[in-house]
Amino acid sequence: MKNLDPSFNEKCYALLQKIPQGKVTTYKKIAKALNTKAYRAVGNAMAKNDQLMVIPCHRVIKSNGEIGNYRLGVTQKKNLLEKEGLVIKNNRVEHLSEVIYRFEN
DNA sequence: GGCGTGACCCCAT
DNA sequence: TATGGGGCCACGC
C-alpha cells in the first residue's frame with residue numbers, strides 16, 4: 001500500500017491541530033494514530049513545519065517524557081509548554097499521564 | 001532508483 | 001536511573 005495524496009506531513013499537521021491547549025502527545029502516538037511506525041518521519045514532519053503559529057508542534061514530546069526538540073530550540077518549547085500549564089523539570093514533563101492527549105484512539 | 005538524514009523508540013547492560 | 005547500540009519510516013537529493 002502506498003501513501004496517497006495527503007503527504008505524511010499533512011496528516012501529522014492535521015492531528016496536531018486537534019491537540020487542545022494544555023495537552024501534549026508523543027511522536028509515537030501520532031504515528032500510531034496514522035497506523036504506522038514512522039515515528040522518525042513524524043519528527044521530520046515537525047522539522048519541516050514552517051507554520052509554527054498554526055501548528056502546535058511544541059505540544060509533541062517524546063514517549064519517555066522528555067521534551068524532545070524544537071525548531072526554535074528546546075528552551076522555547078519548554079517555555080511554551082509551561083505557559084500552557086505543564087510542569088517541566090529537567091527537560092521532562094511531570095504528571096505526563098494527566099496531560100497526555102489520546103487521539104480518541 | 002539508491003543512499004543519507006532526522007524534533008524517535010526500545011531493549012540490554 | 002543512565003548510557004549505548006540497533007532498528008524503524010518517510011522525505012529529499
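- Put simply, NZ on Lys48(A) is 14 Å from P on dC8(B), counting in whole angstrom units.
- In terms of modelled atom types and a separation under 3.5 Å, the side chain of Arg92(A) and the main chain of Glu66(A) share no donor-acceptor contact.
- Taking atom CZ of Phe8(A) as the reference point, atom P of dC8(B) lies 14 Å away to the nearest angstrom.
- For Tyr70(A) and dC8(B), the OH to C1' distance is 18 Å, given to the nearest whole Å.
- Taking atom NZ of residue Lys11(A) and atom P of nucleotide dA10(C), one finds them 10 Å apart after rounding to whole Å.
- In the hydrophobic cluster analysis, where Ile, Leu, Val, Met, Phe, Trp and Tyr join through side-chain heavy atoms closer than 4.5 angstrom, Val42(A) is grouped apart from Tyr70(A).
- Contact annotation: Asn69(A) side-chain N/O to dC8(B) OP1/OP2 distance is not under 4.0 Å.
- The interatomic distance linking Leu34(A) (CG) with dC11(C) (P) rounds to 11 Å, in whole Å.
- Two different hydrophobic clusters hold Tyr39(A) and Leu34(A) under the rule that ILVMFWY side chains link at heavy-atom gaps under 4.5 Å.
- Across the protein-nucleic acid pair, Met46(A) atom CE and dC11(C) atom P stand 12 Å apart, rounded to whole Å.
- Of all the residues in residues 18-28 of chain A, Tyr27(A), Lys28(A) reach under 4.0 Å from DNA chain B with at least one non-hydrogen atom.
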For nucleotides 11-13 of chain B, print each protein N/O atom paired with a nucleotide N/O atom at under 3.5 Å, atom names and distance only.
none

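- Within the nucleic acid shown, Ala38(A) comes within 4.0 Å of sugar-phosphate atoms alone, with no base atom in reach, counting heavy atoms only.
- Leu16(A) places a side-chain heavy atom less than 4.5 Å from the side chain of Met46(A).
- The side chain of Thr36(A) has dC9(C) as its nearest neighbour among dC9(B), dC11(C), dC9(C).
- In this structure, Asn49(A) reaches neither bases nor backbone, as no heavy-atom distance under 4.0 Å exists between it and the strands shown.
- Atom C1' of nucleotide dA7(B) and atom CG of Asn44(A) are separated by 8 Å, given to the nearest angstrom.
- Note on Tyr27(A): it clusters hydrophobically with Ile19(A), by side-chain heavy-atom contacts below 4.5 Å among ILVMFWY residues.
- By the criterion of side-chain heavy atoms lying less than 4.5 angstrom apart, applied directly or through intervening Ile, Leu, Val, Met, Phe, Trp or Tyr residues, Val54(A) is grouped together with Tyr13(A) in one hydrophobic cluster.
- Looking only at side-chain heavy atoms (C-beta outward), Val74(A) and Asn69(A) come within less than 4.5 Å of each other.
- Inter-residue side-chain proximity for Arg71(A) and Asp50(A) is flagged as met; some heavy-atom pair is nearer than 4.5 Å.
- Using a distance-only test at 3.5 Å, with no hydrogens or angles considered, no donor-acceptor pair links the side chain of Lys11(A) to the main chain of Ile30(A).
- Connection of Tyr101(A) to Leu86(A) is not established within any shared hydrophobic cluster, with ILVMFWY side chains joined at heavy-atom distances below 4.5 Å, either directly or through further cluster members.
- Lys37(A) contributes atom NZ, which lies 11.0 Å from atom NZ of Lys28(A) (distance to the nearest 0.5 angstrom).
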### Task
Spell out protein contact along nucleotides 1-8 of chain C as letters: B when the base is contacted, S when just the sugar-phosphate is, - when no protein heavy atom is under 4.0 Å; keep the 5' to 3' order.
-S----BB

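- With a 4.5 Å cut-off on side-chain heavy atoms, Lys29(A) and Ile100(A) count as touching.
- Put simply, NZ on Lys32(A) is 14 Å from C1' on dC9(B), counting in whole angstrom units.
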